[in-house]
Structure formats: structure tokens, C-alpha cells
Amino acid sequence: MQELSNQTWRYWGQLGKSQVGYETLPFSNIKFTPNINTAESIQKVIIFRFFKDNYRIIGVKEDDNHVFYVIGFDFDHSVYDHGN
């Protein structure tokens, strides 16, 4: 999380998912319901890969601020279809 915080959204967005940047997915692709008050209003999630591409941090960000809210982790590639 510290590494994510040390760079801008633009920096991570330019890297792309294969370079440990981020990707977005429709919220409907996620196979869990986060325990947050605004779950019904989430349109997309942001996914960062970490630990040598083995795990994922799943979160949301409001368009008008730079805060990333972590809503889950994917340690076993079961949270969404990875296309494997």
C-alpha cells in the first residue's frame, strides 16, 4: 500500500496491468459483495496486482477525489474471472 501511495494515479494508469499498473472491471464481474454502504452505487472496481502478480487488491475510487478504498483482496484468483 505504501508503494501505491507514493505514486500518482496517472503513473499507475500509464503502466498498464502487465507492469503492475491497474485495470478496471465492471463491479458486476466481482464474485463478492463488499461490506460498504455504497455497494449498490459502484459501477466499476480498480484492481492492482501485487507480489509478483500473484495477488490482487480490489477497490473503488470516487471520481472527484484521489482516495482509493480497498474493498477486498484476491489471494487465490477466485474473486473474478481471470480468463484462464
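Distance alone, capped at 3.5 Å, is enough to place a donor-acceptor pair between the H77 side chain and the N54 backbone.
The nearest pair of heavy atoms linking V67 to K61 is O-CG, 3.3 Å.
Taking CZ of R56 as the reference point, atom CD of E23 lies at 7.0 Å (rounded to 0.5 Å). For the atom pair CD1 of I46 and CD1 of I58, the computed distance is 11.5 Å after rounding to the nearest 0.5 Å.
Contacts of Y55 classified as side-chain contact (heavy atoms from CB on, under 4.5 Å), with partners at least two apart in sequence or in another chain: F50, F51, F75. Not counting sequence neighbours, the partners of S28 by the side-chain contact (heavy atoms from CB on, under 4.5 Å) test are P26. N6 pairs by the side-chain hydrogen bond (donor to acceptor under 3.5 Å, both in side chains) definition with nothing, not counting sequence neighbours.
The only option from Y80, F27, Y22 that meets the side-chain contact (heavy atoms from CB on, under 4.5 Å) definition with V45 turns out to be F27.
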- [ ] Start with the C-alpha gap between I71 and V60, add the side-chain angles, then the distance that decides, and say whether side-chain contact (heavy atoms from CB on, under 4.5 Å) holds.
- [x] CA-CA 7 Å; I71 62 170; V60 295; 4.3 Å; yes
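Residues I30 and V79 form a side-chain contact, since some pair of their non-hydrogen atoms from C-beta on lies under 4.5 Å apart.
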